[in-house]
Amino acid sequence: MAEFDLIKRIRLRVSPRADVLLGIGDDAAIVQVPADRQLAICADTLNAGVHFPLATAPEDIGWKALGVNLSDLAAMGAQPAWCTLSLSMPSDDPAWLDAFLDGFLELASQHQVTLIGGDTTRGPLSISVTAHGLVEPGRALPRDGAQAGDDVWVSGSLGDAAAALALLDDAAEREVSPTPPARASTLRDGGATSAVARSLRIRLDRPQPRVALGCGLVGIANAMIDISDGLWADLGHVCLASGIGAEIQLAALPCSPALAQAFDAAARRILQTAGGDDYELCFTAPREARTQIEVVALRAGVQVTRVGRMVAEVDGVYGLEADGSRWQPPRAGWVHFSE
Ligand code: ADP
Ligand code: MG
């Protein structure tokens with residue numbers, strides 16, 4: 001199937017938006033940006049085997065490719081509007097493309113995002129998405145706005161996606177080696193039930209971008225970031241940009257029932273602080289905003305948890321045990337090109 005047939009397959013499935021004046025099919029798309037909005041733009045690439053396991057279903061790859069980008073817009077407090085898709089695929093496989101689009105367009109329609117263009121090439125499987133969102137002038141939520149004394153909040157629960165990856169790694173290691181890997185000892189009762197493993201895997205494959213929460217926090221939160229590389233690493237960016245530190249109450253970190261079942265407390269703590277791929281929001285806000293934040297979260301249908309506070313000392317992120325002693329994860333989070 002030729003490039004143009006693949007593009008046609010994509011074009012025929014895209015839903016319209018009134019502000020898309022010219023979508024897929026010309027040299028560039030034309031959109032109408034409202035006079036009273038600023039444009040927020042982000043891009044993220046997913047490479048096979050790096051950003052998702054090679055055996056990931058194409059529907060899930062499509063979902064995640066858009067999801068990680070909508071998460072970035074949410075973290076700015078921007079309402080997603082349009083996106084482009086640059087697709088490098090090893091073969092012109094229409095069944096794979098259709099399944100990929102099932103996931104991609106399902107998430108797009110949930111957020112009224114329209115695919116307005118892109119590029120289709122042959123090569124190793126790699127998906128690049130650029131997403132555009134709208135935000136009131138000057139109201140986007142930056143990383144550098146955190147104030148000493150702010151509460152630190154996170155949405156949803158942490159560590160599930162990294163837990164799913166750890167279980168996969170264990171399974172792969174078991175296939176090549178008869179001796180069980182060290183990490184399997186962290187599993188209670190010798191292995192997670194398949195229902196637990198499945199619910200963790202959904203968190204890895206189908207991140208839910210917290211768009212309603214992110215947009216609802218405009219004018220309330222002081223700083224926001226989405227957690228893609230682990231809480232410590234991403235909150236660390238907020239600390240660095242804001243010139244202050246963050247103190248996290250380790251016992252307060254939100255944990256899903258599945259994670260609690262699959263891993264012991266020590267392993268959970270590492271997954272929750274340094275695991276990647278959560279795509280939850282981490283934000284800081286003054287104490288006085290607590291009630292308002294609970295209301296916004298309730299309306300968005302997302303759990304939020306207060307996990308600590310910003311502190312004046314420039315000390316990066318540190319964890320506090322119940323007895324007041326400090327704790328640090330052995331590794332802050334995921335960094336490309338680091339050994
Ligand atoms: P050009 O050669 O002018 O770059 P292309 O042949 O690459 O044009 O693309 C034709 C049209 O199809 C353009 O409007 C482009 O944005 C769109 N397009 C190509 N690939 C994709 C894709 N994967 N997803 C969405 N739109 C695409
Ligand atoms: Mg092109």
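It should be emphasised that the depicted structure is a prediction, and the values quoted were computed from it without experimental measurement. Just follow the structure's listing: the first ligand is 1, and inside any ligand the first atom is 1.
Looking at Asn222 and Asp150, their side chains do bring a donor and an acceptor atom within 3.5 Å of each other. Side-chain polar atoms of Arg203 and Ser256 form no donor-acceptor pair below 3.5 angstrom. Side-chain N/O atoms of Asp19 and Trp82 include a donor and acceptor closer than 3.5 Å.
Residue Asp26 holds the heavy atom nearest to atom 13 (C) of ligand 1 of all those in Ile24, Asp26, Ile127. Atom 16 (O) of ligand 1 has its nearest heavy-atom neighbour, among Gly23, Gly118, Ser128, Ala29, in Gly118.
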Solution key, residues 33-43 side-chain donor-acceptor pairs under 3.5 Å, sequence neighbours excluded:
{"residue": "Gln38", "atom": "OE1", "partner": "Gly138", "partner atom": "N", "Å": "3.1"}

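The shell of residues lying under 4.0 angstrom from ligand 1, judged by heavy atoms, excludes Arg11.
The atoms of ligand 1 that sit less than 4.0 Å from any heavy atom of Thr120 are 19 (C), 20 (N), 21 (C), 22 (C), 23 (N). Set against the non-hydrogen atoms of Asp27, the atoms of ligand 1 under 4.0 Å away are 3 (O). Close contacts of ligand 1 with Phe4, meaning ligand atoms under 4.0 Å from a residue heavy atom, involve 6 (O). In the vicinity of Glu3, heavy-atom distances shorter than 4.0 Å reach the ligand 1 atoms 6 (O), 7 (O). Atoms of ligand 1 found under 4.0 Å from any heavy atom of Gly117, numbered from 1 in the order shown, are 16 (O), 24 (N), 25 (C), 26 (N), 27 (C).
Residue contacts with ligand 1, taken as heavy atom pairs separated by less than 4.0 Å, involve Ile7 solely via side-chain atoms from C-beta onward.
Ionic pairing of Glu247 and Arg326 is not present here: no N-O contact between side-chain nitrogen and carboxylate oxygen is shorter than 4.0 angstrom. A salt bridge links Arg9 with Asp98: at least one charged nitrogen is closer than 4.0 Å to a carboxylate oxygen. Salt bridge status for Asp205 with Lys64: absent, with no side-chain N to carboxylate O gap under 4.0 Å.
For ligand 1, the polar-atom distance check finds an N/O of Gly25 within less than 3.5 Å of one of the ligand's N/O atoms. Polar contact with ligand 1: present for Leu85 (N/O pair, distance under 3.5 Å).
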request  = Decide side chain to side chain contact (heavy atoms under 4.5 Å, CB included) for Leu73 and Val211; before the verdict, give the C-alpha distance in whole Å, the side-chain angles of both, and the deciding distance to 0.1 Å.
outcome  = CA-CA 8 Å; Leu73 291 180; Val211 172; over 6 Å; no
